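Naming convention: chains lettered A, B, ... in sequence-line order (proteins, then strands); numbering from 1 in each chain. A quick note: this is a predicted structure, and the numbers were derived from the prediction, not measured.
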Amino acid sequence: ALNEPVQNLKWKLEKIFINNEWHNSVSGKKFPVFNPATEEKLCDVEEGDKADVDKAVKAARQAFQIGSPWRTMDASERGRLLCKLADLIERDRLLLATLESMNAGKLFASSYMVDVGSSIKTLRYCAAWADKIQGRTIPIDGNFFTYTRHEPIGVCGQIIPWNFPLIMLIWKIGPALSCGNTVIVKPAEQTPLTALHVASLIKEAGFPPGVVNIVPGYGPTAGAAISSHMDIDKVAFTGSTEVGKMIKEAAGKSNLKRVTLELGGKSPCIVFADADLDSAVEFAHQGVFFHQGQMCVAASRLFVEESIYDEFVRRSIERTKKYVFGNPLTPGVNQGPQIDKEQYDKILDLIESGKKEGAKLECGGGPWGNKGYFIQPTVFSNVTDEMRIAKEEIFGPVQQIMKFKSLDDVIKRANNTFYGLGAGIFTNDIDKALTVSCALQAGTVWVNCYGVGSAQCPFGGFKMSGNGREMGEYGIYAYTEVKTVTMKISQKNS
Amino acid sequence: IFINNEWHESKSGKKFATYNPSTVEKICEVEEGDKPDVDKAVEAAQAAFQRGSPWRRMDALSRGQLLHQLADLMERDRTVLATLETMDTGKPFLHAFFIDLEGCIKTLRYFAGWADKIQGRTIPTDDNVVCFTRHEPVGVCGAITPWNFPLLMLVWKLAPALCCGNTVVVKPAEQTPLTALYLGSLIKEVGFPPGVVNIVTGFGPTVGAAISSHPQIDKIAFTGSTEVGKLVKEAASRSNLKRVTLELGGKNPCIVCADADLDLAVECAHQGVFFNQGQCCTAASRVFVEEQIYAEFVRRSVEYTKKRPVGDPFDARTEQGPQIDQKQFDKILDLIESGKKEGAKLECGGSAMEDRGLFIKPTVFSEVTDNMRIAKEEIFGPVQPILKFKNIEEVIKRANSTEYGLTAAVFTKNLDKALKLASALESGTVWINCYNAIYAQAPFGGFKMSGNGRELGEYALSEYTEVKTVTIKLDDKNH
């Protein structure tokens with residue numbers, strides 16, 4: 001049965017969320033939030049700045065005090081609260097999917113199945129870790145008993161992007177809360193609405209006041225206040241590499257807060273002649289066009305072995321001609337808008353550079369319609385490594401197809417970037433699959449598929465695509481601070 | 001300068017001197033590296049890390065074997081290394097021999113054993129795929145080491161880095177480069193491939209800065225002051241987001257409860273602050289003593305301290321040598337003066353030794369209060385501030401009200417008190433009824449501004465590996 005978007009959706013959640021209460025901004029300012037398909041304003045939201053972040057930090061610090069309800073709660077109870085939150089998100093699935101589609105320009109079916117669906121699963125995964133966060137007892141030299149505690153770090157600042165607002169929110173609060181931290185979230189200024197609804201669910205689920213605080217606002221104000229706050233113990237950021245550097249720098253300049261970053265990518269996909277061609281074409285296509293190309297792991301450099309190159313290009317073009325534009329809430333529409341004018345202009349500029357620098361435009365190549373930030377899905381062939389479209393992150397519906405001859409050569413070319421987020425390999429040869437997956441400098445390597453992942457798998461970047469990992473057991477570890485306790489004993493017993 | 005298992009002169013032709021702080025005489029001159037030398041070293045380290053290189057193709061077990069052999073050679077040359085370390089740092093020879101070198105050898109052997117146990121996971125993910133993780137080496141690692149335990153701090157970095165398969169560019173402290181250079185010769189003798197370990201001697205603002213901001217260095221590990229640690233992390237961020245681990249300063253609380261074994265507490269607190277001339281990041285530089293036993297604790301501490309033998313580090317009776325250099329010496333004396341001015345009670349010591357250059361009398365202050373400079377700032381010298389407390393809740397708050405968080409110690413016989421304090425103190429290591437119990441198996445590092453990340457133990461491995469997730473789709477047509 002097809003689930004349908006909520007018609008005439010009304011919402012009232014437009015304020016800053018601190019201590020389970022709704023606050024106006026200290027400055028009194030608000031900022032507008034838009035629907036990228038129609039360019040119309042959806043509502044105004046309270047605009048948080050440093051003063052609001054300070055308020056939120058006070059609340060989060062208070063909630064983290066020794067002896068507080070949150071610190072004295074059983075770990076299993078923390079897990080139960082996260083499960084409760086998952087249940088409430090499931091209850092409000094239609095509402096959240098509709099809100100996300102309207103605010104982020106996502107296809108409703110994607111919002112419903114992928115964004116909300118995977119948020120629920122991820123929360124349940126993190127919930128279950130809560131009472132399994134285990135230190136070690138250690139056979140130290142000498143007459144001592146030594147153990148480690150994996151404590152929560154403290155107050156964590158979390159800055160969320162606009163491409164997967166709900167999922168990225170859950171990727172951050174899930175592990176953080178599972179480990180017992182308190183958080184201050186700054187959702188992207190383009191897409192604060194689902195975060196604010198989740199805030200109301202956090203209160204409803206029964207999290208103690210101050211454990212989760214949400215301060216909508218802009219990067220240079222609220223985001224910067226978080227990165228350089230002297231009383232925030234860790235900052236986690238998903239967004240561009242450029243801003244990621246500023247955040248880590250601010251963390252170093254202020255109080256050496258711990259930093260994890262999930263940044264950009266220019267992820268290669270390598271298709272060998274022995275690959276299942278239709279499958280490779282489909283995965284490579286989805287890999288770069290899903291959500292209008294607005295993914296950190298977008299497969300934006302496709303290396304295809306010479307002997308199958310022409311056929312691959314032909315089938316890719318064919319695959320790209322099946323798009324219906326329009327309002328993402330409308331059934332039958334399968335491509336939505338880019339998020340805003342800034343992204344829209346940047347993508348069109350890169351498309352023009354592709355044409356200018358001599359790539360062959362196979363289809364698309366420009367905007368669509370006269371309202372909303374729609375861009376035609378675009379395929380370039382005969383792309384070479386020094387073109388801007390082969391080097392810079394596009395974050396739009398543009399596919400680059402390049403040719404390669406030898407395995408060693410394509411490995412070098414694939415690794416020749418300061419990014420290192422994802423990579424795909426298409427082959428049926430076991431030695432090629434394992435050799436190349438070991439050789440690629442990428443945090444995730446997909447073989448005969450692309451973009452597949454779930455809460456169990458660690459995700460993150462090599463090189464300048466990030467620092468640290470999210471999800472999996474590894475992601476939980478990133479939200480703990482290790483304490484070693486060594487007690488003198490009178491006699492050792494092994 | 002040691003690059004590619006060869007000895008090089010600095011590109012600039014410059015040299016710098018290294019001194020013996022006991023005699024304040026020059027020991028020798030060492031090549032002074034700068035950015036061009038760092039670039040050369042990084043090139044070598046990168047080449048050694050290339051896919052298909054001897055180092056990348058070596059079995060993990062063999063990497064471990066090389067580390068074991070390095071430990072063997074350090075054991076063979078233990079006396080030479082201890083002598084060199086004593087000359088260069090001023091620490092008592094017996095300490096260098098039995099503590100520094102012991103730690104080095106054991107740490108190398110510990111990590112040698114981990115090399116072929118660095119395990120990824122297979123993961124039960126959704127969908128019809130096979131998913132596993134590889135724990136790969138990060139790549140070229142920069143290591144900047146301090147002057148208080150030059151060789152030991154170098155081994156704390158080299159051992160896990162090499163165990164995980166990385167290549168390294170080291171900058172030892174300019175005050176104490178000699179044991180690092182000797183280690184270079186042992187690394188060559190053992191047979192590590194060229195370029196796996198490179199050592200560039202020089203200064204912080206030149207070599208250190210070049211390493212922190214080098215675009216081809218993938219990770220940096222730094223031990224030193226919090227002030228410089230911040231600069232290192234900033235430079236890492238501005239350049240290429242290289243991964244950063246930091247081991248920084250501390251103002252470590254030592255809490256002595258009324259029911260403690262008093263002699264044990266006095267001795268541990270004493271060694272805890274005076275060991276290595278007070279030049280330890282773990283220095284017990286805030287001793288909180290419960291009211292009821294305060295006077296007696298102070299009395300016994302002063303007695304102990306008055307007996308502390310200060311002198312020539314090569315004399316077997318010496319427990320305390322000179323401070324490392326004039327800058328540290330001046331800073332410590334300034335803090336001692338502040339203690340007097342701000343109203344602490346000077347129990348003993350309180351000034352430099354009259355006849356000798358960089359020696360300071362072991363000093364005890366009582367009636368110290370939380371707002372005095374000696375209670376807030378890291379002294380890094382032989383000065384023990386003793387403060388009074390009334391109850392556990394109060395001392396927890398006071399112990400935690402600092403931006404540091406490296407270590408803490410608790411002296412009590414009561415189980416509940418011990419466990420409560422261990423859980424409440426914001427420190428990377430908590431010692432109960434002991435002090436400076438540091439061993440290769442147990443992770444070590446700071447909460448808050450005492451550092452980022454952990455060294456030693458299994459935990460160190462995650463700082464020197466980069467996780468790769470591999471997801472392979474199975475054919476849906478076959479079941």
Could you tell me if the side chain of [Y] sits less than 4.5 Å from the side chain of [X], heavy atoms only?
X        : Y        : answer
A/Phe462 : B/Lys468 : yes
A/Lys257 : B/Asn452 : no
A/Glu249 : B/Leu241 : no
B/Ser423 : A/Arg149 : yes
A/Arg136 : B/Glu458 : yes
B/Cys131 : A/Val452 : no

B/Lys106 bridged to A/Asp141 by N-O distance under 4.0 Å: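 Looking at A/Asp141 together with B/Lys106, the answer is yes, because their closest N to O distance falls below 4.0 Å.
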Test: B/Glu466 and A/Arg469 ion pair at under 4.0 Å: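 Salt bridge present between B/Glu466 and A/Arg469.
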Selection from [options] maximising heavy-atom pairs under 4.5 Å formed with chain B:
options                                : answer
A/Gly244, A/Pro458, A/Ala423, A/Ser437 : A/Pro458
A/Gly67, A/Ser279, A/Ser254, A/Gly468  : A/Ser254
A/Leu256, A/Ile138, A/Thr444, A/Ile153 : A/Leu256

With a 4.5 angstrom heavy-atom cut-off, is it the side chain or the backbone of [X] that approaches chain B, or both, or neither?
X        : answer
A/Ala439 : both
A/Ile489 : neither
A/Ile247 : neither
A/Tyr125 : neither
A/Tyr147 : side chain

Which of the residues [options] is involved in the greatest number of heavy-atom pairs with chain A at under 4.5 angstrom?
options                                : value
B/Val467, B/Thr125, B/Ile472           : B/Val467
B/Glu136, B/Arg56, B/Glu403            : B/Glu136
B/Ser239, B/Gly453, B/Ala408           : B/Ser239
B/Gly139, B/Ala440, B/Gly405, B/Pro124 : B/Pro124
B/Arg51, B/Arg243, B/Lys473            : B/Arg243

Distance (rounded to the nearest 0.5 Å) between A/Thr484 OG1 and B/Gln441 CD: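 Here the interatomic distance stands at 11.5 Å.
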Between NZ on residue A/Lys488 and CG on residue B/Asn433, distance to nearest 0.5 Å: 8.5 Å
[X] versus chain A, the contacting section by heavy-atom distance below 4.5 Å:
X        : value
B/Asp127 : side chain
B/Arg454 : side chain
B/Leu231 : neither
B/Ala235 : neither

Heavy-atom closest contact (B/Ala418 atom, A/Met487 atom, distance): CB-CE, 4.3 Å
Pair B/Tyr439-A/Thr486, side-chain donor/acceptor within less than 3.5 Å: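 Judged by distance alone, the side chains do not pair up.
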